[in-house]
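Single-structure report; data block below.
Keep in mind it's a predicted model, so treat the numbers as computed, not measured. Both ligands and their constituent atoms are indexed starting at 1 by order of listing.
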Amino acid sequence: MSIRIGDIAPNFKAKTSIGDIDFYEFLGDSWGVIFSHPADYTPVCTTELGRTASLKAEFDKRDVKVIALSVDSVESHKSWINDINETQNTSVEFPIIADEDKKVADLYDMIHPNASETLTVRSLFIISPDKKIKLMLTYPASTGRNFTEVLRVIDSLQLTAKYSVATPADWKDGEDVVVMNSIKTEDIPAKFPKGHKVIKPYLRTTPQPNK
Ligand code: BEZ
């Protein structure tokens with residue numbers, strides 16, 4: 001099944017490294033990140049899961065629940081987690097789905113047969129509290145993802161959800177944002193009292209509203 005931005009994230013029940021879960025119950029009213037990696041006991045995956053574990057406080061601050069997935073077993077995940085914790089100097093607390101029957105991988109289109117018939121690629125989805133897919137990333141097995149970028153996108157999505165703003169190229173938390181074109185220029189001062197610039201009628205910026 002293919003998934004696109006704006007679709008409802010499919011629910012599922014699965015075995016994980018912390019026990020059986022229902023995905024929607026796991027997410028509750030929080031934002032979510034679900035990401036697949038090709039296999040346990042592989043070097044790039046070890047660094048990715050370690051990095052994600054080290055960013056726990058950043059995900060918590062943004063009210064984001066994180067869950068990983070590969071097609072290996074719960075037993076494999078559990079003993080690999082010891083290696084991740086040891087080598088990456090961290091503590092993996094988020095669950096890793098043991099998707100041995102590839103049920104979740106199929107639901108989220110995480111197996112790309114021309115890359116590998118059997119293993120998941122590096123897919124990542126950000127899900128909003130209303131269970132909609134907000135971002136999809138797909139990386140090849142040989143390239144570890146940038147989790148600072150994942151946090152940056154979450155910051156952008158959360159700003160858009162709360163204010164009528166978008167974020168420009170290479171935007172970082174604290175920098176000016178773009179006022180959505182649904183807001184008339186004459187209505188900007190009331191909505192964004194910190195000020196604004198009209199660079200073009202379709203390009204208006206304002207200081208980040210929540211800073
Ligand atoms: C890795 O995680 O290191 C990896 C996994 C599959 C293929 C290539 C690299």
*Got the residues with a heavy atom under 4.0 Å of ligand 1, by chain and number?*
Pro38, Thr42, Pro43, Val44, Cys45, Arg122, Ala141
*Would you call Lys103-Asp99 a salt bridge at under 4.0 Å N-O?*
no
*Under a 4.0 Å N-O cut-off, is there an ion pair linking Glu58 with Lys61?*
yes
*Distance-only side-chain donor-acceptor flag, Tyr139 / Ser123, under 3.5 Å*: no
*About how many Å separate CD1 of Ile154 and CZ of Phe147, when rounded to the nearest 0.5 Å?*
10.5 Å
_If the threshold is 4.0 Å, N to carboxylate O, is there a salt bridge linking Asp20 and Lys15?_
no
_Please determine whether a side-chain nitrogen of the Lys or Arg among Asp173 and Lys211 lies less than 4.0 Å from a carboxylate oxygen of the Asp or Glu._
yes
